[in-house]
Amino acid sequence: MAFTIAIDGPAASGKGTIAKRVAAHYGFGHLDTGLLYRAVGRRMLDGAEPIAAARALEAADLGDAAALRSAEAGQAASKVAAIPEVRAALLDFQRAFARRSGGAVLDGRDIGTVICPDAEAKIFVTASAEVRAERRFRELVAGGAETRFEDVLQDIRDRDERDMGRADAPLRPADDATEIDTSRLDIETAVAAAIAAVEAARGG
Ligand SMILES: Nc1ncnc2c1ncn2[C@@H]1O[C@H](COP(=O)(O)OP(=O)(O)O)[C@@H](O)[C@H]1O
Ligand SMILES: Nc1ccn([C@@H]2O[C@H](COP(=O)(O)OP(=O)(O)O)[C@@H](O)[C@H]2O)c(=O)n1
């Protein structure tokens, strides 16, 4: 049976963590759609033309998740993500994943609004920019990156503005999404709130 859970939200709000845990809870597949845009952004940084790179994207391009998670790849991702032809090139793959049998959780920016407007459950994860920057800063430092908190905060603000301000599929909650503000929630509590929202959507 196909059952789709759409999880959207800004950078470092905790949507990926929630998506992974919710998928494990239900035994569903999980797709981090940000990785697709990061892979196209990475290829642009290497000199490729972004629309052609999006059309030629292969599973192998998503292999090096650690490199794709850099701040540089994130900025490049949010630039190529504003190009309608790039978004169009990535649409079918995401929709096919969403309808896979056995259930799917997709996290990104436009899953509940554009990719899967008919998803059975929709969640919009938020947190203050300062809390998100603190989380991302710790994550980058733990991974060995040399960076400053102020730069991470600026990166998050730039991407928020670009992602919310673009004409095509801007970041916004779907009208029927449940919003979870994780600013003051630990991971366990945030995941429990997400599962409760899915259960409510299932009529449970
Ligand atoms: N509720 C939370 N409380 C504290 N840290 C969190 C919480 N949710 C996620 N994190 C941590 O914040 C960082 C970013 O989370 P992630 O799920 O990757 O965000 P996103 O997918 O929205 O970018 C990770 O290091 C993660 O472990
Ligand atoms: N469904 C999606 C997912 C990501 N993106 C873009 O890709 C960038 C990187 O997304 P991500 O989810 O990997 O970023 P984080 O939230 O993990 O920092 C975002 O800033 C968006 O510009 C998008 O436009 N649509």
Side-chain angles (χ1 to χ4, degrees), residues 6-23 30-42 44 50 54 57 62 65-84 86-91 93-95 97-98 105-117 119 122-143 145 152-153 155-172 174 180-194:
I7 304 185
D8 292 303
S13 54
K15 62 189 177 304
T17 301
I18 290 175
K20 203 178 300 162
R21 303 259 189 133
V22 167
H30 169 224
L31 178 64
D32 172 356
T33 65
L35 280 185
L36 305 174
Y37 294 91
R38 283 174 180 267
V40 176
R42 183 70 257 165
M44 178 182 76
L57 201 67
L62 308 179
L68 295 180
R69 292 199 196 286
S70 71
E72 196 190 18
Q75 282 286 357
S78 81
K79 288 178 186 157
V80 301
I83 304 171
V86 167
R87 306 199 71 82
L90 302 177
L91 190 82
F93 175 76
Q94 295 176 80
R95 287 214 174 124
F97 188 92
V105 182
L106 287 81
D107 74 276
R109 299 291 186 290
D110 62 338
I111 308 303
T113 51
V114 175
I115 304 294
C116 306
K122 297 183 187 178
I123 296 169
F124 194 82
V125 186
T126 63
S128 73
E130 287 73 15
V131 165
R132 290 186 285 125
E134 186 65 42
R135 288 178 185 163
R136 186 52 43 90
F137 176 67
R138 282 171 199 257
E139 195 181 14
L140 290 169
V141 170
V152 177
L153 181 59
D155 174 76
I156 283 202
R157 291 201 162 123
D158 290 348
R159 281 206 287 141
D160 281 359
E161 202 175 298
R162 215 178 282 129
D163 292 348
M164 293 188 290
R166 68 183 174 223
D168 191 16
L171 170 64
R172 65 168 185 85
I180 300 176
D181 183 339
T182 68
S183 302
R184 292 161 188 271
L185 303 182
D186 63 17
I187 290 177
E188 300 305 324
T189 314
V191 171

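Note that the coordinates shown come from a computational prediction; the quantities given were computed from them, not determined experimentally. Each ligand, and each atom within it, is numbered from 1 in the order the structure gives.
For the residues G34, A12, A142, G108, the heavy atom positioned nearest atom 23 (O) of ligand 1 is part of A12. Heavy-atom proximity to atom 14 (C) of ligand 1, evaluated over R21, R132, E139, E134, is greatest for E139. In this structure, of R138, R135, R184, R69, the residue bringing a heavy atom nearest to atom 10 (N) of ligand 1 is R135. Residue I187 holds the heavy atom nearest to atom 7 (C) of ligand 1 of all those in D107, D181, I187.
Inclusion of L185 in the set of residues having an N or O under 3.5 Å from an N or O of ligand 1 is warranted. Where the criterion is an N or O separation shorter than 3.5 Å, residue side chain and backbone included, A190 fails it with respect to ligand 1.
Protein heavy atom in closest approach to atom 16 (P) of ligand 1: T17 OG1, 3.6 Å. Scanning the protein for heavy atoms near atom 18 (O) of ligand 1, the closest one is R136 NH2, 3.7 Å. Residue, atom and distance of the protein heavy atom nearest to atom 21 (O) of ligand 1 are G16 N, 2.8 Å.
Ligand 1 places these atoms under 4.0 Å from at least one heavy atom of K15: 17 (O), 19 (O), 20 (P), 21 (O), 22 (O), 23 (O). Close contacts between ligand 1 and P10 involve ligand atoms 22 (O) [criterion: under 4.0 Å to a heavy atom]. Interface of G14 with ligand 1, defined as ligand atoms under 4.0 Å from a residue heavy atom, comprises 8 (N), 9 (C), 15 (O), 16 (P), 17 (O), 19 (O), 20 (P), 22 (O).
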Practice problem: Begin with the C-alpha distance, continue with both residues' side-chain angles, and end with the deciding distance and a verdict on side chain to side chain contact (heavy atoms under 4.5 Å, CB included) for I115 and F93. | Solution: CA-CA 10 Å; I115 304 294; F93 175 76; over 6 Å; no
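Residue contact annotation: S13 has a non-hydrogen atom under 4.0 Å from ligand 1.
Defined by atom type and a distance below 3.5 Å, a donor-acceptor pair is present between the side-chain atoms of S78 and R162.
Between atom CG of residue L140 and atom CZ of residue R138 there is a gap of 12.5 Å, rounded to the nearest 0.5 Å. For the atom pair CD1 (I18) and NE2 (H30), the distance works out to 11.0 Å, reported to the nearest 0.5 Å. Atom CD1 in I180 sits 10.0 Å away from atom OG in S13 (nearest 0.5 Å). The OG1 atom of T126 sits 12.0 Å away from the CG atom of D8 when rounded to the nearest 0.5 Å.
The nearest pair of heavy atoms linking I83 to P50 is CD1-CG, 4.0 Å. Between T182 and R135, the shortest heavy-atom distance links the atoms O-NH2, 2.8 Å.
Remark: R38 does not engage E72 in a salt bridge, criterion side-chain N to carboxylate O under 4.0 Å. For R132 and D160, the salt-bridge test passes: some basic side-chain N is under 4.0 Å from an acidic carboxylate O. Using a 4.0 Å cut-off between charged nitrogen and carboxylate oxygen, D110 and R166 do not count as a salt-bridge pair.
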N or O contacts of ligand 2 with protein under 3.5 Å, please list pair by pair.
unit_1: ligand 2; atom_1: 1 (N); unit_2: T33; atom_2: OG1; d: 3.0
unit_1: ligand 2; atom_1: 1 (N); unit_2: R109; atom_2: N; d: 3.1
unit_1: ligand 2; atom_1: 1 (N); unit_2: D110; atom_2: OD1; d: 2.9
unit_1: ligand 2; atom_1: 12 (O); unit_2: R109; atom_2: NH1; d: 3.0
unit_1: ligand 2; atom_1: 13 (O); unit_2: R38; atom_2: NE; d: 2.6
unit_1: ligand 2; atom_1: 14 (O); unit_2: R38; atom_2: NH2; d: 3.2
unit_1: ligand 2; atom_1: 14 (O); unit_2: R109; atom_2: NH2; d: 3.4
unit_1: ligand 2; atom_1: 14 (O); unit_2: R159; atom_2: NH1; d: 3.3
unit_1: ligand 2; atom_1: 16 (O); unit_2: K15; atom_2: NZ; d: 2.6
unit_1: ligand 2; atom_1: 16 (O); unit_2: R109; atom_2: NH2; d: 3.0
unit_1: ligand 2; atom_1: 18 (O); unit_2: R38; atom_2: NH2; d: 3.2
unit_1: ligand 2; atom_1: 18 (O); unit_2: R136; atom_2: NH1; d: 2.6
unit_1: ligand 2; atom_1: 18 (O); unit_2: R159; atom_2: NH1; d: 3.3
unit_1: ligand 2; atom_1: 18 (O); unit_2: R159; atom_2: NH2; d: 2.8
unit_1: ligand 2; atom_1: 20 (O); unit_2: R109; atom_2: NH2; d: 3.4
unit_1: ligand 2; atom_1: 20 (O); unit_2: R159; atom_2: NH1; d: 3.0
unit_1: ligand 2; atom_1: 20 (O); unit_2: D163; atom_2: OD2; d: 2.7
unit_1: ligand 2; atom_1: 22 (O); unit_2: D163; atom_2: OD1; d: 2.6
unit_1: ligand 2; atom_1: 22 (O); unit_2: D163; atom_2: OD2; d: 3.4
unit_1: ligand 2; atom_1: 24 (O); unit_2: R87; atom_2: NH1; d: 2.8
unit_1: ligand 2; atom_1: 24 (O); unit_2: R87; atom_2: NH2; d: 3.4
unit_1: ligand 2; atom_1: 24 (O); unit_2: R166; atom_2: NH1; d: 3.0
unit_1: ligand 2; atom_1: 24 (O); unit_2: R166; atom_2: NH2; d: 2.9
unit_1: ligand 2; atom_1: 25 (N); unit_2: R87; atom_2: NH2; d: 3.1

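In this structure, E161 has no salt bridge (charged side-chain N to carboxylate O under 4.0 Å, His left out) partners at least two apart in sequence or on a different chain.
When atom types are taken as modelled, the side chain of K122 and the backbone of P117 share a donor-acceptor pair closer than 3.5 angstrom.
The proximity of D186 to ligand 1, defined as any non-hydrogen pair under 4.0 Å, is limited to the backbone.
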